[in-house]
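Since this is a predicted model, take the numbers as computed values, not measurements.
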Amino acid sequence: MRSITKLDLQYAHRFYGFKGEAQYLHGHTGILTIEVEDSVEPGVNMVFPCNEIQKTAWNVLKNFDHALILREDDPLLPAILGVYEAQGIRNGAPNNQMKGPAFETALAKAYPECRLVVTKETMTVEGMIKIVYDLLKDKLNIAKITFSSGVNAASETYTPEKTVDRCPLCGIALNENGVCPKCGYKK
């Protein structure tokens, strides 16, 4: 069975090297749908609480919300970083409260202090799915990810490879010590 949750992401990007309108910097509202698969936890009667899926995903993905996403070879990147430096906001500003933890993977690197994500590939809906799966595959038992942005949409189905130990009282994942971070249950 699956638990399904959705997240809204507001972001700006461009398709560097493409012809047509997408080569210009523009913004989107994206809808990310994550489906988590596992057995239904007895007593809780759910696979995984959707609000906990959102918290787990949002902790990393908030770096994409209200952010600029550019490919690493985009000539706009050094210019934007230069402007941020000149404005004194490259290393963050007091009102920048939406920061997630910095990350660097084979596909993307987040600079949360300046609301910027740098990608290896052009940021398409398919590219976003690859990045999201890479960031969350060890945190959630993902069966499917769908991302839609404007009229564009894509989805990818995965074969869940592990079972996450979950709390029998509230359904969320136990930490590395077998303790529920929400209610304190110990395995």
Minimum heavy-atom separation for [X] to [Y], with atom names?
X: D134; Y: A106; result: OD2-N, 4.5 Å
X: A102; Y: A110; result: CB-O, 4.0 Å
X: Y185; Y: C167; result: CB-SG, 3.6 Å

[atom1]/[X] to [atom2]/[Y] distance, rounded to the nearest 0.5 angstrom?
X: E121; Y: D73; atom1: CD; atom2: CG; result: 11.0 Å
X: N141; Y: T159; atom1: CG; atom2: OG1; result: 10.5 Å
X: T56; Y: N51; atom1: OG1; atom2: CG; result: 9.5 Å
X: N59; Y: L136; atom1: CG; atom2: CG; result: 9.5 Å
X: L169; Y: K182; atom1: CG; atom2: NZ; result: 11.0 Å
X: K130; Y: T119; atom1: NZ; atom2: OG1; result: 10.5 Å

Minimum side-chain heavy-atom gap [X]-[Y] below 4.5 Å:
X: L140; Y: I53; value: yes
X: F103; Y: L135; value: yes
X: S148; Y: V125; value: no
X: T122; Y: R71; value: yes
X: I131; Y: F64; value: yes
X: K99; Y: K62; value: no
X: K139; Y: V60; value: yes
X: I34; Y: Y133; value: no

Practice task
Could you label the plane-to-plane angle of the H28 and H13 rings as parallel, tilted or perpendicular, counting under 30° as parallel and over 60° as perpendicular?
Solution key: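 Perpendicular.
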Donor-acceptor under 3.5 Å ([X] side chain, [Y] main chain):
X: D65; Y: Q10; value: yes
X: T124; Y: G127; value: yes
X: Q54; Y: K6; value: yes
X: N63; Y: G100; value: yes
X: N175; Y: N177; value: yes
X: R2; Y: E37; value: no

Handout entry: Electrostatic pair E72:K120 at N-O distance under 4.0 angstrom
Key = yes
Say whether [X] and [Y] are linked into one hydrophobic cluster, either directly or through other cluster members, by side-chain heavy-atom distances under 4.5 angstrom.
X: Y158; Y: L32; result: yes
X: L107; Y: F15; result: no
X: L9; Y: I129; result: yes
X: V36; Y: W58; result: yes

Practice task
Give the C-alpha distance, both sets of side-chain angles, the deciding distance and a yes or no for side-chain contact (heavy atoms from CB on, under 4.5 Å) between R90 and E113.
Solution key: CA-CA 7 Å; R90 177 155 182 192; E113 66 282 353; 5.7 Å; no
Practice task
Could you identify which residues cluster with L68, counting Ile, Leu, Val, Met, Phe, Trp and Tyr as linked when any side-chain heavy atoms lie under 4.5 Å apart, either directly or through a chain of such contacts?
Solution key: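 Besides L68, the cluster holds L25, L70, L76, L77, I80, L81, Y84, I89, Y111, L116, V118.
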Problem - Other residues, nucleotides, ligands: >12 heavy atoms within 6.0 Å of E21 CD - result: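 Counting neighbours around CD of E21, 12 or fewer heavy atoms of other residues, nucleotides or ligands fall under 6.0 Å, so no.
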Exercise for the section: Would you sort out whether I145 and T33 count as a side-chain contact (heavy atoms from CB on, under 4.5 Å), showing the intermediate values? Expected result: CA-CA 6 Å; I145 297 175; T33 304; over 6 Å; no
